[in-house]
K.L.:
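Take this structure, written in structure tokens, and hold onto it; I'll ask about it next.
In the text below, chain A, chain B and the rest are named by the order of the sequence lines, each starting its count at 1. For clarity, every value in this text was computed on a predicted model and none was experimentally measured.
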Protein chains: 2
Amino acid sequence: MTDVKSGNNPLFLREEELRQSIELLFFAYRDFTAEPDQILKDYNFGRAHHRVIHFVGRNEGMTVSELLDILRITKQSLNRVLSSLITRGFIEQRTGIEDRRQRCLYLTEEGRKLEQKLSRVQRDLVARAFREAGGDAVAGYRKVLSGLINDTNRDKILDGILKP
Amino acid sequence: MTDVKSGNNPLFLREEELRQSIELLFFAYRDFTAEPDQILKDYNFGRAHHRVIHFVGRNEGMTVSELLDILRITKQSLNRVLSSLITRGFIEQRTGIEDRRQRCLYLTEEGRKLEQKLSRVQRDLVARAFREAGGDAVAGYRKVLSGLINDTNRDKILDGILKP
DNA sequence: ATTTTACGTCAGTCATGTTGACATATATTT
DNA sequence: AAATATATGTCAACATGACTGACGTAAAAT
């Protein structure tokens, strides 16, 4: 406690608090993805497939470019994952009605089942954490995480999450 | 609003809230790691190197197995990253004093500089989000993320984060 | 008619994870 | 003292998911 860095130095306390909060995010994300990863193994899918299934499930009919914009990966990266999901019957593509260049993405029956399965374990995990933390804490969690999203696209994302 | 799934069904609202919260975690994590990733490129390092630098910086003198336990990767995976950090002079190993089998890990001067550089951008990001969200929200954020950590090792991690 | 956009694809590379087998030094147990 | 267990390192092969760069095709926009 007589350490120069600790003691009563408020700047140190602040830095320490920030570092702790950064680690919390790492550990929470690590454990939050562990269960789905296990399930995906049974299908020979990976986390990338999960993300596609998740976002297509949340935005049925979204286009490939919209998906790319969310995932922030190249179309070549997406393509491997997406085409395996299509080939194996978890996702379906339909030509856009207004713009026939677009490929609109939908979950198949099978895809929806897997989406449910994956979503279930994550929702249960979050639900438990929410229940234990209480309503005010949940509001704080959402507020802080929203603030962590890059402000250049925060509004777009938050609009998307809190559906139009 | 007359949709069967929405309307006033409280179970649906709960599910929707949970799904939103899951996405928030994804987006926050994505944007939270973007800046450090850019910096790491200049050093020809990746996110894996960042994690090692971060945790060694936070736990100077930690052993290889302790690090493995935190990262949850195989020693072979760690080795590639760790040995490049050692070769290039960012991390130093010292034989354990009590147990001479152990290799205790320390940041070098260079390592500490890089750690600062990476930590700085993340702390600034978190600090801004905290400032905008307010103290109560921060408490909630920490409470919820703590709850998301797998309970089999939550105590150990939280003890570690809130240093002994 | 030309250009731009949305999407697909081939080819090669890199970072980071995995499994499995084996080696070496040190500590612990018998 | 000998046998066993532990901490670490290392070799080899492989999978996933990211990247860049180049090129192609259909449809929309100019």
K.L.:
Would you kindly say whether B/Thr74 and B/Ser77 are connected by a side-chain donor-acceptor distance under 3.5 Å?
P.N.:
yes
K.L.:
Using a 4.0 Å cut-off to any heavy atom of chain A, which nucleotides of DNA chain C are the first and last in contact, reading 5' to 3'?
P.N.:
C/dT5 to C/dC10
K.L.:
Starting from P on D/dC19, measure out to CG on B/Asp37 and report it in whole angstrom.
P.N.:
11 Å
K.L.:
B/Arg19: what forms a side-chain contact (heavy atoms from CB on, under 4.5 Å) with it, not counting sequence neighbours?
P.N.:
A/Arg58, A/Glu115, A/Gln116, A/Ser119, A/Arg123, B/Glu15
K.L.:
Should the pair A/Arg154-B/Asp31 be classified as a salt bridge under the 4.0 Å nitrogen-to-oxygen rule?
P.N.:
no
K.L.:
Assess whether a salt bridge exists between B/Arg94 and B/Glu92, defined as any Lys/Arg side-chain N lying under 4.0 Å from an Asp/Glu carboxylate O.
P.N.:
yes
K.L.:
Pull out every residue in residues 67-82 of chain A that has a heavy atom closer than 4.0 Å to any atom of DNA chain D, ordered by number, or say none.
P.N.:
A/Arg72, A/Ile73, A/Thr74, A/Gln76, A/Ser77, A/Arg80
K.L.:
Are the aromatic ring centres of B/Phe26 and A/Tyr29 under 6.0 angstrom apart?
P.N.:
no
K.L.:
Could you tell me if A/Arg88 sits above the aromatic ring of A/Tyr43, with its cationic atom closer than 6.0 Å to the ring centre and no more than 45 degrees from the axis?
P.N.:
no
K.L.:
Would B/Asp42 and B/Lys117 pass as an ion pair if we require N to O under 4.0 Å?
P.N.:
no
K.L.:
Of A/Val64 and B/Arg103, whose closest DNA chain C nucleotide lies nearer the 5' terminus?
P.N.:
A/Val64
K.L.:
Tell me, please, which residues at least two apart from B/Lys113 pass salt bridge (charged side-chain N to carboxylate O under 4.0 Å, His left out).
P.N.:
none
K.L.:
Salt bridge or not for A/Glu35 and A/Arg120, using N-O below 4.0 Å?
P.N.:
no
K.L.:
So, B/His54 versus A/Glu23: side-chain donor-acceptor pair below 3.5 Å or not?
P.N.:
yes
K.L.:
Any luck finding a side-chain donor-acceptor pair between B/Ser21 and A/Arg142 under 3.5 Å?
P.N.:
yes
K.L.:
Distance check, rounded to the nearest 0.5 Å: A/Phe130 atom CZ versus B/Leu18 atom CG?
P.N.:
6.0 Å
K.L.:
Could I get a table of every N or O pair under 3.5 Å where one atom is in the protein and the other is in nucleotides 28-30 of chain D?
P.N.:
unit_1: D/dA28; atom_1: OP1; unit_2: A/Arg100; atom_2: N; d: 3.1
unit_1: D/dA28; atom_1: O4'; unit_2: A/Arg101; atom_2: NE; d: 3.4

K.L.:
Between A/Arg47 and A/Thr33, do the side chains contain a donor N or O and an acceptor N or O under 3.5 Å apart?
P.N.:
yes
K.L.:
Do any of residues 44-52 of chain A sit with a heavy atom less than 4.0 Å from DNA chain D, and if so which?
P.N.:
A/Gly46, A/Arg47, A/Ala48, A/His49, A/Arg51
